[in-house]
Each structure stands twice: as structure tokens, then as C-alpha cells.
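Notes follow the structure.
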Amino acid sequence: MVKDENFTRLCVTKSALAVNGSIPGPVLYVNKGDIMYVNVHNKGGYKFTIHWHGVKQPRNPWYDGPEYITQCGIQPGTNFTYEVIFSDEEGTLWWHAHSDWTRNTIHGAIVVYPEEGSSYPYPKPDAEEVLVFGSWYNYDVNLALAEDLATGQEVPISDAYTINGQPGDFCACSKESTHRLQVDYGKTYLLRLVNSIMNEEVFFAIAGHNLTVVGMDASYLKPFVTSYILIGPGQTMDILVTANQSLSQYYMAARQFYTAIAIFTEYDKTNVTAILEYRGNYTPPASPSFPSDTLPFYTDDHAGINFRNKLRSLHKQNVPKNITTQMFVVAALNKIFSDSSGNVTVSPASSLNNITWINPKMDVLHAYYSNMSGFYTEDFPDMPPTFYDFVAEDLPVNTTQSLMGTKVKVLEYGEEVEMVFQAANTMNASEDHPMHLHGHSFYAVGAGGGNFDFKEDPKTYNLVDPPYVNTATLPKNGWLTVRFKALNPGVWLWHCHFDRHFVWGMQTVIIVKNGGTPDTSLREPPAYMPACSDPPTIKLWKSEYVSGNVGGR
């Protein structure tokens with residue numbers, strides 16, 4: 001059940017939407033290959049949807065969740081039952097709202113255990129713990145977002161980060177509620193990390209302890225030992241920690257990895273903490289040890305690149321090599337000039353290949369399945385309209401102008417796709433972009449700095465054991481190449497998982513057509529889907545607030 005509850009953090013009490021009374025919401029436990037049914041009751045004041053992040057939902061986009069893409073919002077006072085179909089996922093995933101910024105408080109972890117009779121590809125840990133990173137705002141962030149979009153302002157900046165809903169010892173009025181993990185000396189613990197933060201990647205470290213990374217996005221990695229990890233919004237990570245230090249207390253700490261414009265210094269500098277504390281007979285220290293020597297600084301680009309370069313799949317992978325669709329997609333921040341109620345508003349925007357996504361009045365999946373015209377066009381470009389020095393400083397102003405539209409990319413069933421993402425430095429504002437694909441995982445075969453070199457950079461691709469993920473980072477002023485095979489018919493969203501970029505339009509949709517058999521074709525729609533109400537005419541003006549049922553299909 002989702003309803004408004006009162007929460008006190010940072011000495012402030014506010015009302016926020018919560019699932020079953022808690023932030024984060026409940027952990028969902030399944031085995032590989034299970035089918036799960038979740039009945040969502042909306043007792044709050046906002047409409048919202050739920051997305052099962054990283055769950056491929058084979059042939060089943062009807063329950064994937066993104067608003068105006070595969071469904072419309074669950075209206076207050078109504079409910080909707082999701083059918084969640086697991087396939088090859090194994091490890092940690094998560095669920096979250098996918099409407100405006102409601103995922104700020106509506107989210108939780110999914111633990112996908114191996115099939116009955118199977119086990120982990122590493123020694124079974126003695127215990128497990130889920131750690132969910134989140135953002136905290138001392139106000140109704142959806143109302144603040146609506147105002148900022150309406151006036152063309154920057155979107156809200158969090159007041160603190162949280163671990164399992166708590167900001168930790170270094171934040172006001174927070175020390176008594178800091179999350180604690182009790183451990184026994186000599187035992188090994190599996191930590192399942194989820195980054196549900198709205199707009200930031202974070203570094204994470206545990207004072208005095210090494211971390212062994214064994215999985216990411218519900219896929220196994222070649223284990224490697226590190227003193228810190230980097231995890232972006234949308235990503236999940238499985239790490240092993242052995243309690244082999246002196247009996248005491250140690251901070252588990254995270255801080256933002258900041259890659260945006262250097263002259264802006266007002267970002268959230270919270271050091272969020274939880275405490276790893278040993279059981280036993282000892283005198284607790286005045287303060288737990290802090291990982292000062294291992295937790296990278298906010299702007300440590302080298303630490304970020306070095307960590308990502310260590311990610312390799314556990315086994316050799318069947319990476320697509322007979323590429324039939326090749327795309328070069330430029331991700332940029334932009335400005336849009338709009339006339340709203342007689343006033344010209346200069347709004348921040350973002351784009352892929354110069355297209356700023358606008359939500360249609362009907363979800364794309366319903367329009368596609370029913371062969372309805374007028375809601376989207378099938379002309380998302382495979383290339384940007386022009387090539388220029390994407391990473392140059394002080395790019396001409398005309399590089400900041402994007403087109404507003406609802407353009408999708410259509411793929412034949414079985415196509416092998418390569419997408420090269422290029423970050424653009426428009427407005428001198430390039431930063432990392434965690435790119436997420438619904439309905440699929442993909443192979444992140446290469447990444448680098450600067451402009452992509454079509455001749456030389458493909459020679460550096462890892463086509464043997466690249467990480468198999470659903471979210472990968474396009475680096476600031478750099479490029480990222482991913483490959484996947486389009487074997488999941490349906491309508492699937494591609495977007496940056498920084499929600500500020502998402503609401504500004506850095507998204508598109510991939511439609512995978514049916515194959516030649518019933519088993520390779522989109523399932524029929526369920527008997528009931530939530531009714532659609534009109535989205536804003538121009539999404540960048542405002543966010544919707546709905547107090548009851550509005551309209552219908």
C-alpha cells in the first residue's frame with residue numbers, strides 16, 4: 001500500500017509517499033525464473049507507476065511500468081496488479097516509481113536468489129544485508145519540481161543522502177537513527193547495494209575493510225578486491241566483506257562523485273554513513289573509524305575511471321558481432337525557449353541526437369499495439385544532425401537548440417544492435433550519464449574520453465567478457481559503446497537515470513517488433529490497465545498533480 005506518511009529527518013518533519021509505511025520500501029525476495037504478482041494500492045495524492053528495474057519482462061512490457069511509455073499512472077484511490085516475469089537475472093535488482101520524482105520515496109530492493117538446487121559461483125556468505133542509497137529533501141520534492149520546471153529553474157538539490165532511509169552520524173538530528181550492521185569476527189557478509197539516489201553517482205567504502213565485487217545488475221562479475229566502489233543511479237552491486245579487523249566500530253560511508261560543471265559548487269556534499277559494528281566484549285570508540293584514506297574525493301575522475309575499468313563478466317560472453325543496426329547517439333544538455341501563458345520561458349532541456357522527448361497523451365505501448373497514429377513517429381535518428389567537436393569548450397549557441405518530439409526507434413526481432421553514446425559539452429556542462437535500457441541487459445564493450453574515433457576506438461572493445469548490465473555510465477566528455485540482441489518484443493524505454501536529465505527529455509523508446517512465432521511475439525494486453533489523463537502539453541512546463549480519477553482511454 002502506498003500512502004502519505006510523516007517522517008522526521010534532519011530535524012524536520014514532512015509528509016511523503018511511502019510503501020507499507022517505510023522508506024525504502026520492502027525487500028522483495030524471489031528465485032531465478034520466478035513469476036511475481038504485486039498488487040499496488042494508491043492511497044496517496046499523486047498518481048504513479050512502478051518499474052521493476054532490470055527485470056527483462058520477456059514479451060511482457062505491459063507491466064514494465066514507465067509512465068506514458070508502457071502505461072499511465074495508477075490514480076489515487078485505485079489499484080493495479082503487476083505481473084513480474086523473471087528470466088536470466090540472478091543477484092540484486094530493485095523496484096521504483098516511474099512518474100515525475102515519486103521514486104524519491106517509492107523504491108526498494110529485489111533479491112533474486114539462484115534457482116532451487118543451485119548456488120552462488122562463490123563461497124556462500126555467512127549472512128546478507130541490503131543497503132539502499134537514497135536522496136532526502138526537507139520538502140515535497142514533486143511540488144518543488146513542478147515549480148522549477150514551470151519557471152525554467154534548476155531542479156531541486158537534495159538536503160542529504162541516506163543509507164536505508166537514514167542520513168547518518170554527520171547530519172543534524174540523525175545520530176540516534178544511523179543504520180547499523182552487526183557482524184561477527186571471521187565471518188563473510190554479502191552486501192547488496194542499490195543506488196536509488198535521484199541524480200548522483202556515489203563512492204562507497206568501509207573503514208579498514210576491503211571489498212570484493214562479485215556482481216552488478218543481477219549478473220556475475222569476475223571477483224576483484226578494491227578499497228572502494230562507485231555506483232550510479234539505477235545500478236545495483238553485490239560485494240563481499242570479511243569481518244577480519246579488530247573488534248570495534250567502522251563507518252560505511254558514501255559521498256557524491258561530482259562530474260558536472262566545475263564552477264558550480266552547491267551540490268550535496270553530505271557524507272552519508274552507516275556503521276559496521278563487531279559483536280563482542282570491547283570498549284566502543286568515541287567515534288567509529290572513517291575511511292578517510294580509501295573513500296575518493298568528490299571530483300576524483302581517476303578513481304571513477306579506474307573502478308569502471310575493472311568490471312568484467314564472470315565467464316566468456318556471447319557478444320553480438322554481426323551488427324545489423326549501428327547507432328551513434330549524442331547526449332547533450334540544452335535550452336528550450338517556450339511560450340507558456342504568454343510568457344517566454346527559457347527552460348533547461350536535454351536531448352539524444354538533438355531530440356528532446358515529449359510524453360504523448362497515450363502511452364506508446366497502447367498506441368503501438370492498437371496501431372493508433374498521431375502519438376509518436378518512427379524516425380528517431382541513427383546519427384546526430386551534425387558532427388562537431390563534441391567535447392570542445394564554449395561551443396556555439398546553436399548547438400544547444402534541440403527539437404521537441406516523440407520519436408522512437410523500431411528494430412526487427414533478432415537484430416544485433418550497437419549503440420555508441422557520445423557526451424557533448426554543450427553549455428560547458430558535460431557530465432556523466434548513467435544510461436538505462438528497459439527490457440534488456442546489454443554488453444558495455446567499451447568506453448573512453450574525448451570524441452569517439454570511428455576507426456581506432458573499436459579496436460579497444462572488449463568482446464570477450466564485457467559486463468552484462470542494464471545501466472552503464474557514459475563518461476563526462478567521453479563515449480560509451482553497448483551491444484545487445486533485440487530478442488524481447490515490445491516497447492522499451494532508453495534514458496539517462498539522472499532524473500533531472502530524464503524530466504528534461506534525455507530519453508527515447510525502442511520498439512522491438514514481433515518475431516515469427518507466438519513465443520517470439522508480444523503478449524496480449526491485460527484486461528485492465530490504468531486510465532490515461534492528458535500529460536502536460538509541453539512536459540518542461542510543469543508536472544502533474546492529480547487528486548482523483550481523470551479521463552480515460
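- Less than 6.0 angstrom separates the ring centroid of F133 from the ring centroid of F204.
- In summary, E277 and R180 engage in a salt bridge, as defined by a charged side-chain N under 4.0 Å from a carboxylate O.
- Below 30°, between 30° and 60°, or above 60°: for Y278 and Y250 the angle between ring planes is above 60°, a perpendicular geometry.
- Note that the OG atom of S430 and the CG atom of L474 stand 7.5 Å from one another [nearest 0.5 Å].
- L93 contributes atom CG, which lies 6.5 Å from atom CG of N470 (distance to the nearest 0.5 angstrom).
- Between W101 and F502, a ring centre-to-centre spacing not shorter than 6.0 Å is recorded.
- Between V19 and W95, the shortest heavy-atom contact is CG2-CH2, 3.7 Å.
- Here the closest non-hydrogen pair linking L295 and A205 is CD1-N, 3.8 Å.
- Ring planes of H495 and H436: perpendicular class, angle over 60° (limits at 30 and 60°).
- Classified by interplanar angle (parallel below 30°, tilted 30° to 60°, perpendicular above 60°), the ring pair F328/F452 is tilted.
- Between the CG atom of D432 and the NE2 atom of H497 there is a distance of 15.0 Å, given to the nearest 0.5 Å.
- Remark: aromatic rings of F307 and F224 are close, center separation under 6.0 Å.
- Figure legend: cation-pi geometry between R255 and Y298, with NZ or CZ positioned under 6.0 Å from the six-membered ring centre and within 45° of its axis.
- Rounded to the nearest 0.5 angstrom, L131 CG and I163 CD1 are separated by 6.5 Å.
- Using a 3.5 Å distance cut-off with no hydrogens or angles, the side chains of T92 and D238 do pair a donor with an acceptor.
- Just one residue in the list N353, D382, T508 forms a side chain to side chain contact (heavy atoms under 4.5 Å, CB included) with K409, and that residue is D382.
- The aromatic rings of W94 and H96 lie tilted to each other, with the angle between the two planes from 30° to 60°.
- When ring centroids are compared, W62 and Y369 come within the 6.0 Å threshold.
- Using a 4.0 Å cut-off between charged side-chain N and carboxylate O, E201 and R308 make a salt bridge.
- Ring-plane geometry between Y122 and Y120 is classed as parallel, the angle between the planes falling under 30 degrees on a 0 to 90 degree scale with a further cut at 60.
- The existence of a salt bridge linking E415 and K513 is excluded, since no basic side-chain nitrogen approaches an acidic carboxylate oxygen closer than 4.0 Å.
- In plain terms, the two heavy atoms of K485 and G414 that are nearest each other are CE-O, 3.5 Å.
- Contact between H209 and A207 at its shortest, heavy atoms only, is ND1-O, 2.8 Å.
- Salt bridge annotation for K32-D88: absent, with no cationic side-chain nitrogen under 4.0 angstrom from a carboxylate oxygen.
- The heavy-atom pair separating I85 from V55 by the smallest distance is O-CG1, 3.2 Å.
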